[in-house]
**Q** 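Submitted below is the structure of interest, expressed as structure tokens.
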Amino acid sequence: MGFAIAIDGPAGAGKSTIARGAAKKLGFIYVDTGAMYRTIALGLLRMGVDCSDEAALAKALDQITVSIGYSGGEQQMMLGEENVTGLIRTEEVSRMASISSAVPMVREKLLQMQRDLAAAHNVIMDGRDIGTRILPDAPLKIYLTASIEARAQRRFKEMTEKGTACTIEEIRADIEERDLRDMNREIAPLRQAEDAVLVDSSDMTIAEVTSRITGLARERMQQ
Ligand code: DC
């Protein structure tokens with residue numbers, strides 16, 4: 001079993017940026033579990049599956065193969081033989097990932113794959129249920145959050161820099177909708193594990209949050 005850092009929190013709290021940076025500093029592997037849900041979501045969208053149709057969903061999941069690779073330290077998502085890393089960040093995929101990740105069958109498909117990665121490597125794994133369900137014994141758990149306003153501003157900046165037309169109101173509404181769904185679903189809802197360290201990044205820089213987490217990791221590794 002490697003040393004595992006579990007980072008959970010809502011959309012836009014900066015989990016992936018922070019986890020990627022901290023992983024580099026610590027020499028750990030960064031596992032973005034949201035990307036795995038997004039990859040399944042892309043597969044389901046392409047197959048035109050309605051998530052409320054259990055039989056169709058089960059059939060589609062049997063045909064969808066998700067795997068993960070690393071290129072230059074960056075996680076690459078494979079859907080079958082296709083590298084879909086660049087295709088899973090659209091709003092359409094975000095919405096489908098939020099809907100399909102609430103379905104138990106979808107979560108089961110990814111659970112063992114996530115645990116196997118943590119068993120084989122030192123990992124920083126981010127998602128919604130890493131500290132509560134996937135790696136309940138992780139020696140360091142972080143619950144990374146930020147105000148809705150701060151998260152909406154960050155996402156807006158990211159989107160406009162990419163040249164995507166959007167308004168701050170649309171983005172805020174979208175984040176609120178995803179928070180509500182991620183926190184209120186029956187299976188593996190987003191919540192802070194009892195033994196997680198709460199980090200609110202609203203007024204912190206990326207460097208500050210990263211060094212807080214690497215500091216905590218180094219402390220715990222010596223224990
Ligand atoms: O972190 P993200 O935005 O890339 O995640 C995409 C969706 O997947 C999000 O709506 C929540 C879901 N998700 C999840 O349910 N469990 C995880 N461990 C990671 C993501």
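Whatever order the structure lists them in is the order used to number ligands and atoms, beginning at 1. For the single chain, residues carry numbers from 1 onward in sequence order.
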**Q** Among residues two or more places apart or on two chains, list those pairs meeting side-chain hydrogen bond (donor to acceptor under 3.5 Å, both in side chains) that have a residue in residues 75-85.
**A**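 Sorted pair list: Arg46-Glu82, Gln76-Asn83, Gln76-Thr85, Asn83-Thr85.
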**Q** With the threshold set at 4.0 Å, does a side-chain nitrogen-carboxylate oxygen contact exist between Arg154 and Glu158?
**A**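 The answer is no: the pair does not qualify as a salt bridge.
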**Q** Among residues at least two apart in sequence or on other chains, which ones pass salt bridge (charged side-chain N to carboxylate O under 4.0 Å, His left out) with Lys15?
**A**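 Counting only residues at least two positions away or on another chain, Lys15 forms no salt bridge (charged side-chain N to carboxylate O under 4.0 Å, His left out).
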**Q** Assess whether a salt bridge exists between Asp174 and Arg95, defined as any Lys/Arg side-chain N lying under 4.0 Å from an Asp/Glu carboxylate O.
**A**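 Yes, charged N to carboxylate O under 4.0 Å.
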**Q** Decide, yes or no, whether a salt bridge links Glu186 with Arg107 under the criterion of side-chain N to carboxylate O below 4.0 Å.
**A**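 Between Arg107 and Glu186 there is no salt bridge, as every charged N stays at least 4.0 Å from the carboxylate O atoms.
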**Q** Test of understanding: with side-chain contact (heavy atoms from CB on, under 4.5 Å), list the residues that count as partners of Ser202, not counting sequence neighbours.
**A**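 side-chain contact (heavy atoms from CB on, under 4.5 Å) check on Ser202 returns Ala146, Ser147, Ala150, Asp200.
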**Q** Given a heavy-atom cut-off of 4.0 Å, could you list the residues near ligand 1 in chain and number order?
**A**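 Within 4.0 Å of ligand 1, the protein residues are Thr33, Gly34, Tyr37, Arg38, Arg89, Ala97, Ser98, Ser101, Arg107, Gly127, Arg128, Asp129, Ile130, Arg178, Asp182, Arg185.
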